[in-house]
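Here the structure comes first, spelled out in structure tokens, and everything after it is commentary.
Naming: A, B, ... by sequence-line order, numbering from 1 per chain.
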2 protein chains.
Amino acid sequence: MKTPIPKAVVNRLPLYLRRLEYLAAGGTETISSRELAESLGRKDAQVRKDFACFGNFGRPGVGYPVAELITKLRGILGTDHLWRVALVGFGNLGRALVAYKGFQKRAFKIQAVFDADPAKVGRRAGDLVVQSAAEMVPEIRRLGIPMAILAVPAEVAQAAADRCVEAGVVGILNFAPVTLDLPGHVAVNHVDLTLCMEQLSFLASTLSRRAAGP
Amino acid sequence: MKTPIPKAVVNRLPLYLRRLEYLAAGGTETISSRELAESLGRKDAQVRKDFACFGNFGRPGVGYPVAELITKLRGILGTDHLWRVALVGFGNLGRALVAYKGFQKRAFKIQAVFDADPAKVGRRAGDLVVQSAAEMVPEIRRLGIPMAILAVPAEVAQAAADRCVEAGVVGILNFAPVTLDLPGHVAVNHVDLTLCMEQLSFLASTLSRRAAGP
DNA sequence: CGATGTGAATCGTTTCACAGCC
DNA sequence: GGCTGTGAAACGATTCACATCG
């Protein structure tokens, strides 16, 4: 825990957490690095090195205590408390995200929904009501919402992101296919479905080519 | 083009492609590595090294020809032809994906939709009709569909993936929060929304902590 | 023993720096 | 001058191998 946790490790922590929570639900109390690694398609040494980034609470001959690890990981990831989230954009994707059980069951709760289309404003979104994009900045600020999910068209994504930052948001999950330009004190994560499909297209093409012959 | 393209490079190619297509639409004919890099928040040397993986068609003093690069990138990524895709799971996310314009406008077309829930079978999904999961294997095989998108609950994801493979699919985009165990000749890409939020949570926590003090 | 924690070796990626070309 | 292509250096991540501990 002395040195900052490497980026590559951070990306794996949620993966470990998910698996550990599954194991805990099944009653597992300790797990070895090898077992955990194999269930995630990784090497045991990597798991040990990763966990060594924050304290040594594995026990030789036994393994790691599942419950302790979960607590520790949640603390590190910041999911030991609820994050309230604003959803910007109530198109197809936005609607799906509001209804998505995965967020509800975890540490994230969508607490406000905005859209620029007057036809969408006022519509019900789960137990929320879609608000006008014009009210976005004051409303996010009033509620003190720290995170936003952008599910808007590419053309308006940068502008929407700027307004989120203006409203005091510190983290943005962006679904629009553009690279956002934001101040360094705001965290951004990017999910581009088309990009994922293109990467998959490459992999599939390569594997097929290899299978077919040189 | 001699050596296989490094994984890290492949992950950036769709990013380049997207930006280049945007530039081409705006009438740009050549672009320098520096300009391209900066618009994507990267270093110029990286762009040059990346492009050097496949032929040298940048011109010193001028830059890279946008149109040629686009053609080349599409060829490498395998998006120079249409990929027909099967969607498995017609829940909230599935519905959003069917309607998603991003796929339609690119090289991906959803051509069959399956769900295990009898209540959903027969419902319209765009210009398609949801089919029973029982028909999945023969139907995917009959149509010769090479790719599948899994938007099913975690509990059934592995089973659904197995059936996709059985049906001859070579690429799977998995939205379920589980690590799939699949044969090596099948490409997998994983999108886990909760995981993305957790990574964001970590980044936001870290940045806030840094802003607050030591 | 079995399993951790960790230096050391390995591997891959990014960045630098500059020769060569337009 | 501006810009590419590329060795070489710097950096980071992964894997190995083994001393060490319960």
Side-chain angles (χ1 to χ4, degrees), chain A residues 1-16 19-20 23 28-70 72-73 76 179 199 202-203 206, chain B residues 1-16 19-20 23 28-70 72-73 76 179 199 202-203 206:
Chain A
M1 205 166 184
K2 290 284 136 160
T3 68
I5 300 175
K7 212 165 77 84
V9 177
V10 171
N11 290 336
R12 282 189 294 269
L13 296 188
L15 217 62
Y16 294 138
R19 183 74 195 164
L20 290 166
L23 291 167
T28 309
E29 289 183 2
T30 61
I31 183 144
S32 70
S33 57
R34 194 170 54 77
E35 261 186 288
L36 183 55
E38 278 173 9
S39 72
L40 296 172
R42 317 201 153 256
K43 303 282 185 193
D44 55 340
Q46 182 167 70
V47 171
R48 289 198 299 277
K49 262 250 157 75
D50 285 357
F51 288 172
C53 291
F54 40 96
N56 317 349
F57 39 107
R59 290 227 309 285
V62 183
Y64 295 87
V66 173
E68 272 181 57
L69 261 183
I70 289 175
K72 193 78 185 175
L73 285 175
I76 292 170
T179 304
Q199 289 167 354
F202 172 85
L203 292 172
T206 310
Chain B
M1 204 169 185
K2 291 285 134 155
T3 69
I5 301 176
K7 212 164 76 84
V9 177
V10 170
N11 289 337
R12 283 188 294 268
L13 296 188
L15 216 62
Y16 294 139
R19 184 74 195 164
L20 290 166
L23 291 167
T28 308
E29 289 182 2
T30 62
I31 183 141
S32 70
S33 57
R34 194 170 53 77
E35 261 186 288
L36 183 55
E38 278 175 7
S39 72
L40 296 172
R42 315 200 152 259
K43 301 282 184 195
D44 54 341
Q46 182 167 70
V47 171
R48 290 198 297 278
K49 263 254 159 71
D50 285 357
F51 288 171
C53 292
F54 41 96
N56 317 348
F57 39 106
R59 289 228 309 286
V62 182
Y64 295 87
V66 173
E68 272 181 57
L69 261 183
I70 290 174
K72 192 78 185 175
L73 285 175
I76 292 170
T179 303
Q199 289 167 354
F202 172 84
L203 292 171
T206 310

Quiz item: What's the CZ-C1' distance between B:F57 and C:dC21, to the nearest Å?
Solution: 18 Å
Quiz item: So, do B:L73 and A:F202 sit near enough that their side-chain heavy atoms are less than 4.5 Å apart?
Solution: no
Self-check item: Nearest non-hydrogen partners of A:C53 and A:I5, listed with the distance
Solution: CB-CG1, 4.4 Å
Quiz prompt | B:R42 CZ to C:dT14 P, straight-line distance once rounded to whole Å | solution = 8 Å
Quiz item: Closest heavy-atom contact between A:Q199 and B:P14?
Solution: CG-CG, 3.9 Å
Practice problem: Return the nearest nucleotide to the side chain of A:P6; candidates are D:dA13, C:dA3, C:dT13. | Solution: D:dA13
Quiz item: Looking at the side chain of B:A52, which of C:dT14, D:dT6, D:dT4 is the nearest nucleotide?
Solution: D:dT6
Quiz item: Out of C:dT4, D:dA13, C:dT13, which nucleotide sits closest to the side chain of A:S33?
Solution: C:dT4
Atom pairs, protein N/O to nucleotides 8-10 of chain D N/O, distance under 3.5 Å:
residue: D:dA8; atom: N6; partner: B:K49; partner atom: NZ; Å: 3.2

Quiz prompt | A:L36 side chain reached by A:L20 side chain, heavy atoms, under 4.5 Å | solution = yes
Practice problem: Could you tell me whether B:R12 contacts a base, only the sugar-phosphate backbone, or nothing, with contacts defined as non-hydrogen atoms closer than 4.0 Å? | Solution: sugar-phosphate
Quiz item: Rounding to a whole Å, what distance do you find between A:D44:CG and D:dT14:P?
Solution: 14 Å
Self-check item: Nearest heavy-atom neighbours spanning A:I31 and A:V66
Solution: CG2-CG2, 4.0 Å
Quiz item: Between B:T179 and A:R19, is any pair of side-chain heavy atoms under 4.5 Å apart?
Solution: no
Exercise. Only one of A:K72, A:R12, A:R42 passes salt bridge (charged side-chain N to carboxylate O under 4.0 Å, His left out) with A:D50; say which it is.
Key: A:R12
Self-check item: Nucleotide C:dG20, atom P - distance to CG of B:N56 in whole Å
Solution: 16 Å
Practice problem: Using whole Å, report how far CZ of A:F51 lies from P of C:dT4. | Solution: 10 Å
Exercise. Please state whether the phosphate of C:dG5, meaning OP1 or OP2, lies under 4.0 angstrom from any side-chain nitrogen or oxygen of A:Y64.
Key: yes
Practice problem: Measure the shortest side-chain to side-chain distance between B:Y64 and B:R48 over non-hydrogen atoms and say whether it is less than 4.5 angstrom. | Solution: yes
Filtered N/O pairs between nucleotides 17-22 of chain D and protein, under 3.5 Å:
none

Quiz item: Roughly how many Å is it from CD in A:Q46 to P in C:dA9, rounded to a whole number?
Solution: 21 Å
Quiz item: So do B:I76 and B:F54 actually touch side chain to side chain, heavy atoms under 4.5 Å?
Solution: yes
Exercise. In whole angstrom, give the distance that lies between atom CZ of A:R34 and atom P of C:dG5.
Key: 16 Å
Self-check item: Between D:dC11 (C1') and B:K43 (NZ): distance, integer Å
Solution: 14 Å
